[in-house]
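Heads up: the structure comes next, in C-alpha cells.
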There are 2 protein chains.
Amino acid sequence: MTDSPTKKTKSDRTREAILEAARLLFAQKGYDGTTVRDIAAAAAIDPAMVIRYFGGKDALFARAADLDLRLPDLTALPRNAVGEALVRHFLTVWEGDGGTTALPIALRSAASNDLAAARLREIFATQVAPAIARLAGPDAPAVAGLVATQILGLAFTRYVLKLPPVVALPRERLVAEVGRSIQAYIDGARP
Amino acid sequence: MTDSPTKKTKSDRTREAILEAARLLFAQKGYDGTTVRDIAAAAAIDPAMVIRYFGGKDALFARAADLDLRLPDLTALPRNAVGEALVRHFLTVWEGDGGTTALPIALRSAASNDLAAARLREIFATQVAPAIARLAGPDAPAVAGLVATQILGLAFTRYVLKLPPVVALPRERLVAEVGRSIQAYIDGARP
DNA sequence: TGAATTTGTCAACACGCGTTGGCATTTTCT
DNA sequence: AGAAAATGCCAACGCGTGTTGACAAATTCA
C-alpha cells in the first residue's frame, strides 16, 4: 500500500545504504584499509548484514567499483579540442559526487589488491580504449595507453597522493596544460 | 681476524638480507600485502629477528622506502633535452634493479598507507621539486607538480597497474612521447 | 488476530597479524 | 679452554579481521 512504483522495499534501501557507505569508504581508505565493520557502522547496521546482502567483502567491492565513466562521444568534438575535453570531463566526474566514482575507488586499491587492479584494467579496456580507438588510427592501443598514463597520473597525484602543488593547481590550468599533452598523444598517431 | 675493512659482521649481513627481502616484497605486494612473516621467510630467518633488527614493520618500511633517486643535474643539459632525459633516467632507474628502488615501493603502498604517501611526498619535495626549480621560473612548484603527474602516472600504469598497452610500449617511444609532454610543462613556465 | 516471512542483532568462531620474552646455539674475546 | 656476548629459534600473547549460525523484533499476508 505504501509502495509507490518509485518506492523501494525496506531491504533495498539498506542494501543501497551499505553500497553507498562502501563506495565512500573504499574511495577514502582503499580496499585493505576499509573493514566490513567500518562499512556497517557507516550504514548504521550490523556487520553481518553486509555479508548477507552482498555475500562477502570481495563481492561488495566488485559491485562498488562497477560504475560507468560516461565518456562523451569524442568524435562529435572538434579534433583539436579532444584533449581539453577529456581532462575537463574527468575533473568534473571526479570532483562531482565526492570522489565516490568507480575510478578513484579502484585507483586507490589497485596498488595492493589484485581484484581492484583487474577492475581498473577492465574499465580502461572497455571504456577508455574504445573511445580513443575511434580517433586514432591503427596505433590506437598505444595512444590510449599514453593517454591513460597522463589521466591516471593526474588522478593519482591529485586525489590519492594529494601532492600539494598538484592539489593547488587551478582547474582551468590543468585543463589547458594536461589537455595539451593528451592532445599531443592523440595527434601523434594521426597521419 | 677474518674481518677485512670491507667485510661486515654477521649481524650486518642478515640485517641487509632482511632489508633486501623487504624492499623486494614491499615493491611487489605493497605495505599491507606484505607480512613480517613473509619477509622473514624470504630472508630465511625468524620473524622475531625482523622486529629485533628494525624495531617494527613501520620502521623497516621507512628504511626500505628511503633511497636516492640520483637525479642528474638538469642544468647541465641542453634546455630542450630535459624532458627526454628525465624519462630516460626514470625508466633506467625503475627497470635497473628489479624495481626495488624507493619510488615504486612507496608508489605501491601510498594508496592505502599514510606512511608511504608521506614518504612519497617527501621524495618529491626534497628531490624532484628542487631539480625542476632550477629550470623553471617563479612558477616552479606548479611545473614540478605537472611533471610529477606525468612521471608518476607512467610509473603507476607501467609497473604497478601493468596496463597491457603501456607495458608493451617500447622504451624509446616512451622517451620521445612522454618526454615531449614533460618538456612542454617545463617550457610553458619559461618566459 | 495470528501465522509466516523478512529484517536485524548478538555472540562467537577460526584465522592471520605484529610483537614479545625465554631459551638454545653460535661466535667472540681473554 | 672457559666466560661473555651476540645471534637465532620457538611458543605464545593480544588484537582485529571476515564470516557464520542461532535467536529476537518487525513486517507482511491471510
Side-chain angles (χ1 to χ4, degrees), chain A residues 1-5 7-23 25-26 28-65 105 108-109 112-116, chain B residues 1-5 7-23 25-26 28-65 105 108-109 112-116:
Chain A
M1 45 194 77
T2 60
D3 50 357
S4 77
K7 254 279 180 185
K8 311 122 192 249
T9 160
K10 183 88 185 309
S11 73
D12 280 340
R13 269 196 285 111
T14 65
R15 167 180 262 101
E16 282 177 13
I18 294 173
L19 196 57
E20 188 180 356
R23 286 215 172 95
L25 287 171
F26 281 142
Q28 283 175 352
K29 322 267 256 179
Y31 180 87
D32 296 318
T34 302
T35 75
V36 172
R37 286 171 168 85
D38 288 343
I39 297 171
I45 41 95
D46 192 86
M49 305 304 294
V50 176
I51 268 72
R52 254 231 303 251
Y53 275 100
F54 289 91
K57 188 185 178 184
D58 287 18
L60 173 58
F61 179 82
R63 298 283 261 101
I105 292 175
R108 206 176 253 286
S109 306
S112 59
N113 184 273
D114 289 340
L115 182 59
Chain B
M1 43 193 76
T2 62
D3 50 356
S4 77
K7 257 273 181 187
K8 308 122 194 237
T9 158
K10 183 90 186 306
S11 74
D12 280 341
R13 270 196 285 110
T14 65
R15 168 180 261 104
E16 282 176 14
I18 294 173
L19 195 57
E20 189 180 354
R23 285 213 172 97
L25 287 172
F26 281 142
Q28 283 175 352
K29 321 268 256 180
Y31 181 87
D32 296 317
T34 302
T35 75
V36 172
R37 285 170 167 87
D38 288 343
I39 297 171
I45 41 95
D46 192 86
M49 305 304 294
V50 176
I51 269 70
R52 257 237 292 259
Y53 274 100
F54 289 91
K57 189 184 177 184
D58 287 18
L60 173 58
F61 180 82
R63 296 283 262 100
I105 293 175
R108 209 176 251 288
S109 307
S112 60
N113 185 272
D114 289 341
L115 182 58

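Convention: sequence-line order gives letters A, B, ...; per-chain numbering from 1.
- A:Lys57 has its NZ atom 8 Å from the P atom of D:dT19, to the nearest Å.
- Contact annotation: A:Ser11 side-chain N/O to C:dT7 OP1/OP2 distance is under 4.0 Å.
- The backbone N or O of B:Leu25 lies less than 3.5 Å from a partner atom in the side chain of B:Thr34, making a donor-acceptor pair.
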Verdict with reasoning, A:Phe54 to A:Arg15, per side chain to side chain contact (heavy atoms under 4.5 Å, CB included)
CA-CA 8 Å; A:Phe54 289 91; A:Arg15 167 180 262 101; 3.7 Å; yes

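- Contact between the side-chain N/O atoms of B:Thr14 and the OP1/OP2 oxygens of D:dG8 is found at a separation under 4.0 Å.
- The closest side-chain heavy-atom distance from A:Leu60 to A:Ile51 is not below 4.5 Å.
- Among the nucleotides C:dT19, D:dC9, D:dG18, the one closest to any side-chain atom of A:Arg37 is D:dG18.
- In terms of modelled atom types and a separation under 3.5 Å, the side chain of A:Thr14 and the main chain of A:Ser11 share a donor-acceptor contact.
- Following rounding to the nearest Å, B:Ile39 (CD1) and C:dC17 (C1') show an atom-to-atom distance of 13 Å.
- Ring geometry for A:Phe26 versus A:Phe61: interplanar angle over 60°, hence perpendicular rather than tilted (30 to 60°).
- Within residues 47-56 of chain A, the residues having any heavy atom under 4.0 Å from DNA chain C are, by residue number, A:Ala48, A:Met49, A:Arg52, A:Tyr53.
- Distance check, rounded to the nearest 0.5 Å: CG of A:Asp58 to CG of A:Asn113 gives 7.5 Å.
- For the pair B:Ile45 CD1 and D:dA6 P, the computed distance is 19 Å after rounding to whole Å.
- A straight line from CG of A:Asn113 to C1' of D:dG18 spans 14 Å, rounded to a whole angstrom.
- With contacts defined as side-chain heavy-atom distances shorter than 4.5 Å, the pair A:Ile45/A:Val50 qualifies.
- We find that CZ of B:Arg13 is positioned 13 Å from C1' of C:dT26, with the value rounded to whole Å.
- The separation between A:Asp32 atom CG and D:dT17 atom C1' is 12 Å, rounded to whole Å.
- As a whole-Å value, the separation of B:Glu16 CD from D:dT7 C1' is 16 Å.
- Computed from coordinates, the B:Asp46 CG to C:dG18 P distance equals 13 Å when rounded to whole Å.
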